[in-house]
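Predicted model, so just to flag it, every value in this text is computed and none were measured. Counting starts at 1 for both ligands and their atoms, in listed order.
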Amino acid sequence: MSARQNELKLQNCWDSARANQMDEPHKLLYRSNLLGADKRITNYGGGNTSAKVQCADPLTGEDTTVLWVKGSGGDVGTMKLDGFSTLYQDKLEALKKLYRGVEYEDEMVAYLPHCTFNLNSRAASIDTPLHAYVPQTHVDHMHPDAVIAIAAAENSQALTQEIYGDDIGWLPWKRPGYELGLWLHQFCVENPNAQGVVLGGHGLFTWADTAEACYDITLNTINKAIIWFDENTQDKSFFGGAACNPLTAEQRTQVAAALMPEIRGYCSSTENKVGHFDDSDGVLEFVCSNNMPALAALGTSCPDHFLRTKIRPLILEFDPAKRDENGALDTSALIEKLPQLLEDYRNDYSAYYQRCKHDDSPAMRDPNPVVFLMPGVGMFSFAKDKATARISAEFYTNAINVMRNASAVSTYCGLPEQEAFDIEYWLLEEAKLQRMPKPKSLAGQVALVTGGAGGIGTAISERLLQEGACVVLCDVDKAGLDATTQLLQQQYGNDNVVSTPMDVTDEAQVQAAYKKATTAFGGVSILVSNAGIASAAPIEDTTLALWNRNMDILSTGYFLVAKEAFLLFKRQSMGGSCVFIASKNALAASPGAAAYCTAKAAEVHLARCLALEGAPMGVRVNVVNPDAVLKGSKIWSGEWLNERAKAYGKDTDELEVHYRERSLLKRSVYPEDVAEATYFLVSDASSKSTGNIINVDAGNVQSFTR
Ligand code: NAD
């Protein structure tokens, strides 16, 4: 084996010393997590693993054989022990007597809960019979790109024989379910020495009598395919060779930023979507190739792939070599064509639904495309949240890998349209969708929060993340920004939080931050303008520099971030919402702080003007006025704290009580209170409010609005 092939192949990570300490269920979990950790072995959420384990029956205390098998949903790479469903093997065997034939196979799913062992609440997956009826103790079902390439080739059976001889058998495409479980059983009876089987158009099953042997066989089977493809595609040109060259990385980002907000707007016709951009080498090779349009039109093969990506992507025709009269990349014609392209896609999807539907099919789902392919640029994917958009892109990358190898050695075959439809609109698949939790109130929304590293900015970001929004944190304080980002990513996932250093007074930095938000998430639909400082000085001591600093950050800075938000909202055509975090002092005059109060008053009036301008395009602009939020605030840690304490003749640690007692409600105000008001103003609960102010100051007569 060459050094290159050694690199290509999967490494065996089994640690016998460690595994030998484990009982069988933990060994199964160990094997599952090892397999699922490498996306070349199986895609996210794809495949399942099982073991038939002797367990004491809770009723009789006697040993009985229990099938431990990955339950419905879940991901083998990240699952825990509670992700397995457990079923009495003898009851699963008894189901065979109830089976009325393939046209009734779906009804067998309802019997599975009757086979549950030990009141396990994890729902059994549709694939359960596929594991139950393989006689061997340990069974892996994986979706490796290299094996699916064999499964999706026109001469799949012959290829399987050529690569594996009699070690691995082959079965034609069959929708996973009870009947396929019986097929697998039959295959094992007829081929007692086989170690597994390639399922046409689908994936791989492997089995063995011990957990370790099963892991070895799964790895070796995939490695054989990886090495075989490497040896047999050395002198091949993939995808019919290059039709164009990729743009430079910078140009690709530029095009992505130019297009994603428009795409986001058009494909959010049924629900708000978040975008993902992928311009990795494998994607670029495909989108720049001669055969991309023809291959993409064939659709993906493995059911997991197209359930995530829809059967076909939308191709954004684009010549990366073309320049406009100013020598710039020419995206305007494509942007103009986008509404028609989306409309055509939706019509095609609807026609596919009409052609293939059965009397009892679920209603048509969102007809918008998920995956967009653009020559020279890469792939965009749009879905209800960032993780789903990213995972969809990963799935299409799996599909590209499959098409790459299958079409290099044979003819690539997608699943027949009716089969694809029958999986997509399978009543059991629909039931799975219905079981999913309802989307959170800000799902599909992207919020840009300025001053995101500060006390109030962090609390607001956290609140919006809790409600399912993606957040772009911006702040001039780089170290603070990194710390906050890390904290929020740990809690709400890397997918949902990005950050970018930005000074709100610098137009170029503001534009760059929106560009980053656009390529990270496809656009922005919520602006929380919150960056701020505080200063105090009597007018005679207020220098022009201090005056200008207040105006620059609190007035001009709010103008700049709002202007860019409006430009983006217009391109997206999906409305939007802005909340300005002003201050009680925007309404209530305060001695010795003229610069701060005046700048804050300007924020409020800017918000009112923008509420007028935004209304025709469904953009709402509102204000939250906090007062005396000492907890977590950096403003309240330095000079301002000392100055205020001095002004009221208090010690600094007496200020919190002082402000509380000064308020009408005699309560302290916290960053979380400001965050709650902000959440209300960006949520649908306030969809009929614009140009408003909510005071979050525990009551102060001076700031009552009139
Ligand atoms: P904070 O200092 O903790 O947070 C403000 C953040 O803004 C900081 O992280 C800071 O680095 C950032 N920032 C400052 N200048 C910036 C610039 N030019 N560009 C980008 N970021 C910049 O303060 P906080 O209490 O969280 O204040 C948040 C907002 O609430 C401010 O606008 C403030 O005026 C307003 N406010 C606060 C209080 C309060 O009592 N804390 C009261 C009324 C209004």
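For atom 35 (C) of ligand 1, the nearest non-hydrogen atom of the protein is Ala582 O, 3.6 Å. Shortest contact from atom 28 (C) of ligand 1 to any protein heavy atom: Asn530 OD1, 3.1 Å. Nearest non-hydrogen protein atom to atom 18 (N) of ligand 1 is Asp503 OD1, 2.9 Å.
Inclusion of Gly457 in the set of residues having an N or O under 3.5 Å from an N or O of ligand 1 is not warranted. In terms of polar-atom proximity, defined here as any N/O pair under 3.5 Å, Gly455 does make such a contact with ligand 1. Where the criterion is an N or O separation shorter than 3.5 Å, residue side chain and backbone included, Lys600 meets it with respect to ligand 1. Backbone and side-chain nitrogen or oxygen atoms of Lys584 are examined, and none is located within less than 3.5 angstrom of a nitrogen or oxygen of ligand 1. Polar contact with ligand 1: absent for Leu630 (N/O pair, distance under 3.5 Å). An N or O contact shorter than 3.5 Å is missing between Ile553 and ligand 1 by distance. Taking only nitrogen or oxygen atoms, main chain and side chain alike, Lys634 reaches within less than 3.5 Å of ligand 1.
Here OH of Tyr679 is found 2.5 Å from OG of Ser441. Values are rounded to the nearest 0.5 Å.
Between Gln466 and Tyr492 the shortest side-chain heavy-atom distance falls below 4.5 Å. Between Leu560 and Val504, every side-chain heavy-atom pair lies at or beyond the 4.5 Å cut-off.
When the ring-ring contact (aromatic ring centres under 6.0 Å, His included) test is applied to Tyr596, the partners found at least two apart in sequence or on another chain are Trp640.
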